[in-house]
Protein chains: 2
Amino acid sequence: MFLHFRKQFPQLDPYWDKYLPLQQRLEVPAKTILLKEGQVSQNYISIEQGCVRAYFDKDGDEKTIQFFFENAGFSLFDSFVNEVPSQFTIETIEPSVVYLLARAHVLLLIDDLSQEPSFMQMILKITAERHRRFNNELISFIRDTPEERYLRLLSERPHIIRRVPQHYIASYLGVSTVHLSRIKGKLARGADHF
Amino acid sequence: MFLHFRKQFPQLDPYWDKYLPLQQRLEVPAKTILLKEGQVSQNYISIEQGCVRAYFDKDGDEKTIQFFFENAGFSLFDSFVNEVPSQFTIETIEPSVVYLLARAHVLLLIDDLSQEPSFMQMILKITAERHRRFNNELISFIRDTPEERYLRLLSERPHIIRRVPQHYIASYLGVSTVHLSRIKGKLARGADHF
DNA sequence: CTGATTTGATAACATATGTTATCGCCGACC
DNA sequence: GGTCGGCGATAACATATGTTATCAAATCAG
């Protein structure tokens, strides 16, 4: 739980530890929906093993916006605390092992933490990071062609391409599966032909 | 200065007031660049009168990502404080009156403010709002066609369409000026024809 | 092992969008 | 008033991308 935070703010370890036993372990097959678009998350979810994606529905087809792997967690504080309905559906891509920490416990945890001066610091750091990530994603969508986005993904986060089925990648890049195939084909031909 | 914040956090008024006289008033014509992409902002900028846009360059053409009008301010704290180079160019669209508060003064102001408990609250609120705005923009880019984005802009922020030259709107919507004309033409024909 | 499902490639065609060029309108300026 | 430049509409053509259909390979379930 909260492994991502632990690395950066080890002084908060005792707080997490107290809540570790309260988590619920869950083994689920691929294509399990952990949280549905429009619903309020009742748990903080962290991934011990496997891989999930966040997507939303547009007239029947799914637009993937993010992938998560081992040791990632979501339901970030603000939307979680304020009970804002999720804009995204969270679904496993592979058979996965996840841990759930009930909302009530998370609220207690936050209560504990708010005594700690570095807590605010952590929140600010996390929100700033997340903002930067989404901002870069937006800029990339505006600036780059699908082919450029594919190449960028290939060079910056190749593990995603290796691990995630291609139609999810296509959805993430904002193109049809057919077009992503075309892009790959074109790149392959361009690369070795001459 | 900081009018946007004042409405929401009136208890901080005395802090702003102290720095009001230190601002520099600036009258500038249209198409004046206030901050260049890649440079570190040396001032907190607020707009008293007029209208500006933020854009970045992609292979010679400009991608507009946001518009600002009277009583808005930018150079939000994190990027400002940490001296991160701006990803965007800030340019006036109309002849405008802007106020600049030098970076050094802003740092002093933040120092003052950090005594105040509601300051953190304000930062969190502002960053959350900004994150929501960018997030919605990203989702709209992924989900909506250019025509849908135009209609959304028309219904949600018609003042922008009324006030801003159309080629900037096209750039903001992510299409060519020609295509935006086509969209408008199609909508107009569709509306009154039958 | 075998049939069913998933995944990815490819072709053919349809639609959306970009590019370039041209024209007309209108407001700024002399 | 006349000229010039910025702005927006439109047409013609080029390119990018979506859609549907088909096939083959890989994977999974019984």
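Here is how names work: the chains are called A, B, and so on, in the same order as the sequence lines, proteins then strands, and each is numbered from 1. Because only heavy atoms are used, hydrogens play no part in the values below, and waters and symmetry mates are left out as well, while side chains stay in. Quantities reported herein were computed from a predicted structural model and do not represent experimental measurements.
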Exercise. Closer than 4.0 Å, any side-chain N/O of B:Lys184 to the OP1 or OP2 of D:dA9?
Worked result: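 Indeed, a polar side-chain atom of B:Lys184 lies that close.
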Exercise. Taking 4.0 angstrom as the limit, do B:Lys58 and A:Glu148 come out as a salt bridge?
Worked result: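 Salt bridge between B:Lys58 and A:Glu148, a charged N being under 4.0 Å from a carboxylate O: yes.
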[atom1]/[X] to [atom2]/[Y] distance, rounded to the nearest 0.5 angstrom?
X	Y	atom1	atom2	value
B:Leu154	B:Arg152	CG	CZ	12.5 Å
B:Leu100	B:Leu35	CG	CG	10.5 Å
B:Phe68	B:Cys51	CZ	SG	10.5 Å

For this session: For DNA chain D, determine which residues of residues 47-54 of chain A have any heavy atom closer than 4.0 angstrom to one of its atoms, and list them numerically.
Result: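 Within residues 47-54 of chain A, no residue comes under 4.0 Å of DNA chain D.
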Just how far, in rounded Å, is [atom2] of [N] from [atom1] of [X]?
X	N	atom1	atom2	value
B:Leu180	D:dC7	CG	P	14 Å
B:Tyr150	D:dG8	OH	P	11 Å
B:Leu173	C:dT17	CG	P	11 Å

Using distance only, find each side-chain donor-acceptor pair of residues 157-164 of chain A under 3.5 Å and give its atom names and separation, not counting sequence neighbours.
{"residue": "A:Arg157", "atom": "NH2", "partner": "A:Tyr172", "partner atom": "OH", "Å": "2.9"}
{"residue": "A:Arg163", "atom": "NE", "partner": "A:Glu94", "partner atom": "OE2", "Å": "2.7"}
{"residue": "A:Arg163", "atom": "NH1", "partner": "A:Glu70", "partner atom": "OE1", "Å": "3.1"}
{"residue": "A:Arg163", "atom": "NH2", "partner": "A:Gly50", "partner atom": "O", "Å": "3.1"}
{"residue": "A:Arg163", "atom": "NH2", "partner": "A:Glu70", "partner atom": "OE2", "Å": "2.8"}
{"residue": "A:Arg163", "atom": "NH2", "partner": "A:Glu94", "partner atom": "OE1", "Å": "3.0"}

Polar atoms only, N or O, under 3.5 Å: list the protein pairs with nucleotides 25-30 of chain C and their distances.
none

For this session: Among the candidates C:dT10, D:dC7, C:dG18, find the nucleotide nearest to the side-chain atoms of B:Lys31.
Result: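 Given the options C:dT10, D:dC7, C:dG18, the side chain of B:Lys31 is closest to D:dC7.
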Exercise. Residues from residues 159-172 of chain A sitting under 4.0 Å of DNA chain C, heavy atoms only?
Worked result: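 Correct list: A:Pro165, A:Gln166, A:His167.
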Between the protein and nucleotides 12-16 of chain C, list the N/O to N/O atom pairs that are separated by less than 3.5 angstrom.
none

Exercise. Relative to B:Tyr44, does B:Arg103 satisfy both conditions: NZ or CZ under 6.0 angstrom from the six-membered ring centre, and within 45 degrees of the ring's axis?
Worked result: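 No cation-pi geometry.
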When you compare the side chain of [Y] with that of [X], does any pair of heavy atoms fall below 4.5 Å?
X	Y	value
A:Pro146	A:Leu173	no
B:Leu187	B:Glu147	yes
A:Thr127	B:His131	no

For this session: Could you verify whether a donor N or O on one side chain and an acceptor N or O on the other, from A:Gln24 and A:Tyr99, lie under 3.5 Å apart?
Result: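 Side chains of A:Gln24 and A:Tyr99: no pair found under 3.5 Å.
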Exercise. Taking the inter-plane angle between the rings of A:Phe56 and A:Phe88 on a 0 to 90° scale, is it parallel (under 30°), tilted (30 to 60°) or perpendicular (over 60°)?
Worked result: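 If you compare the ring of A:Phe56 with that of A:Phe88, the planes turn out tilted.
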For this session: Identify the heavy atoms of A:Tyr150 and A:Ile183 that sit nearest to each other, and give their distance.
Result: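 Of all heavy-atom pairs spanning A:Tyr150 and A:Ile183, the closest is CD2-CG2, 4.2 Å.
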For this session: Can you pull out how bent the helix from C:dC1-D:dG30 to C:dC30-D:dG1 is, comparing the axes over its first five and last five pairs, to 10°?
Result: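 Nearest ten degrees gives 40° for this helix.
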